[in-house]
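Accompanying notes for the structure given below.
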Number of protein chains: 2
Amino acid sequence: MRKDDHHFLSEEIVEEVSRTFKVLSDPTRIKILYLLSQEECNVNHIAEVLDVSQSAVSHQLAFLKSYRLVKARRQGKTIYYSCDDEHVIDLLKMTIDHIEHD
Amino acid sequence: MRKDDHHFLSEEIVEEVSRTFKVLSDPTRIKILYLLSQEECNVNHIAEVLDVSQSAVSHQLAFLKSYRLVKARRQGKTIYYSCDDEHVIDLLKMTIDHIEHD
DNA sequence: TTATCATATGAGCAATTATTCATATTTAAG
DNA sequence: CTTAAATATGAATAATTGCTCATATGATAA
């Protein structure tokens with residue numbers, strides 16, 4: 001195939017696709033997203049359930065929020081997080097499914 | 001939800017899911033896989049078409065091969081690579097599609 | 001064999017990243 | 001206002017990663 005005959009992805013698309021996968025490439029983030037796909041959670045609950053430090057969870061939530069994959073809701077002293085991107089959750093669940101039933 | 005009531009992912013599943021996404025989280029690997037999803041290519045062709053050094057391409061191909069995402073076929077001095085994991089290509093194309101039609 | 005083309009590989013390096021530790025901020029209760 | 005609880009944040013660090021450069025390997029042709 002000649003160079004001109006290829007269908008190319010634009011640099012921006014490639015960058016955004018890789019960013020999407022990068023978000024999902026960390027075990028802690030996967031656990032957080034999967035947990036949040038089951039229920040809205042506050043930070044300490046996530047930390048306890050997943051056995052990750054409060055600080056690490058908070059850092060990852062800030063990261064996930066910056067990509068609009070989760071959203072936050074305050075209620076008193078507590079902040080509840082939940083998923084905010086159905087497509088990314090679908091992508092995650094599909095991949096889990098595929099790997100579980102190799 | 002009580003800790004015991006959650007559906008948990010095993011550590012092995014989480015690790016494998018994150019590895020899968022990690023493979024797809026690099027722009028060069030995305031370009032290579034997308035190119036190989038269109039046609040079987042030799043190493044130099046990939047390097048030229050994508051404007052990446054021969055060495056970088058070869059390193060990434062070795063990486064992709066170690067995860068069995070691509071396979072190699074020798075013909076004389078030339079080695080032709082092609083995709084060897086339909087599911088990962090599907091995952092990639094779905095994500096490209098989603099981002100292109102945000 | 002020797003020369004050359006195609007690809008692979010190892011060392012080194014700069015950049016990124018996930019975590020920890022310490023501390024700051026925000027909110028509510030007393 | 002003070003204290004405590006919940007969360008956020010910044011600096012530091014160790015680990016990982018993707019590339020380059022130089023060189024090695026493998027295959028073919030002369």
Side-chain angles (χ1 to χ4, degrees), chain A residues 3 11 14-36 39-82 84, chain B residues 3 11 14-36 39-82 84:
Chain A
K3 186 161 181 174
E11 201 59 41
V14 171
E15 287 297 328
E16 196 168 340
V17 170
S18 78
R19 264 196 301 276
T20 301
F21 286 125
K22 187 158 289 178
V23 173
L24 293 168
S25 73
D26 176 72
T28 301
R29 283 194 293 272
I30 289 175
K31 290 182 208 164
I32 291 175
L33 285 173
Y34 189 72
L35 178 57
L36 293 182
E39 61 165 346
E40 188 185 52
C41 294
N42 63 53
V43 181
N44 280 328
H45 183 70
I46 299 172
E48 282 165 31
V49 167
L50 301 183
D51 195 30
V52 179
S53 78
Q54 179 270 316
S55 182
V57 170
S58 191
H59 276 295
Q60 294 294 5
L61 286 171
F63 178 84
L64 291 169
K65 200 174 167 210
S66 76
Y67 284 106
R68 298 185 189 284
L69 297 195
V70 302
K71 62 188 173 205
R73 168 178 79 82
R74 166 158 247 146
Q75 188 174 297
K77 283 187 281 202
T78 304
I79 298 183
Y80 291 96
Y81 281 87
S82 57
D84 200 25
Chain B
K3 184 160 180 172
E11 201 59 41
V14 170
E15 288 297 328
E16 196 168 339
V17 170
S18 77
R19 262 196 301 276
T20 302
F21 286 124
K22 187 157 288 176
V23 173
L24 294 168
S25 72
D26 176 72
T28 302
R29 283 194 292 274
I30 289 175
K31 289 183 209 164
I32 291 175
L33 285 172
Y34 189 72
L35 178 57
L36 293 182
E39 61 165 347
E40 187 185 52
C41 295
N42 64 53
V43 181
N44 279 328
H45 183 70
I46 299 173
E48 282 165 30
V49 167
L50 302 183
D51 195 30
V52 179
S53 79
Q54 179 270 318
S55 182
V57 169
S58 191
H59 276 294
Q60 295 294 5
L61 286 170
F63 178 84
L64 291 169
K65 201 176 167 208
S66 76
Y67 284 106
R68 299 187 188 283
L69 298 195
V70 303
K71 62 189 173 202
R73 168 178 79 82
R74 167 158 246 147
Q75 187 175 297
K77 283 188 282 201
T78 305
I79 297 183
Y80 291 96
Y81 281 86
S82 56
D84 200 25

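Quick note on labels: first sequence line is chain A, next is B, and so on, each numbered from 1. All heavy atoms count here, side chains included; hydrogens, waters and symmetry mates do not.
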Under 4.5 Å between any side-chain heavy atoms of [X] and [Y], yes or no?
X: Ile79(B); Y: Leu61(B); result: no
X: Lys31(B); Y: Gln60(B); result: no
X: Ser82(A); Y: Arg73(A); result: no
X: Val23(A); Y: Leu69(A); result: yes
X: Tyr81(B); Y: Ile32(B); result: no

Return the nearest nucleotide to the side chain of [X]; candidates are [options].
X: Ala56(A); options: dT20(D), dT19(C), dA6(D); value: dT19(C)
X: Lys77(A); options: dA8(C), dA8(D), dA6(D); value: dA6(D)
X: Ser55(A); options: dC21(D), dG10(D), dC5(C); value: dG10(D)

Quick check on [N]: is either OP1 or OP2 less than 4.0 Å from any side-chain nitrogen or oxygen of [X]?
X: Thr78(A); N: dA6(D); value: no
X: Tyr81(B); N: dA6(C); value: no
X: Asn44(A); N: dT7(D); value: yes
X: Arg74(A); N: dT27(C); value: yes

Is Lys22(A) paired with Glu15(A) through a side-chain N to carboxylate O contact shorter than 4.0 Å? no
Within this structure, what is the CD1-to-C1' distance between Ile79(B) and dA8(C), rounded to whole angstrom? 8 Å
Report all interatomic pairs (protein N or O, nucleotide N or O of nucleotides 12-18 of chain C) with separations under 3.5 Å.
unit_1: dA18(C); atom_1: OP1; unit_2: Arg29(A); atom_2: NH2; d: 2.9
unit_1: dA18(C); atom_1: OP2; unit_2: Arg29(A); atom_2: NH1; d: 3.2

Expected output: side-chain Thr20(A) to main-chain Glu16(A) donor-acceptor under 3.5 Å: yes
May I ask you to say what Ser58(B) touches in the nucleic acid, namely base, sugar-phosphate or nothing, with a heavy-atom cut-off under 4.0 Å? base
Go through the N and O atoms of the side chain of Gln54(B) and the base of dA6(C), and report whether any donor-acceptor pair is under 3.5 Å. no
With stacking defined as ring centroids separated by under 5.5 Å and planes differing by under 30°, is His59(B) stacked against dT9(C)? yes
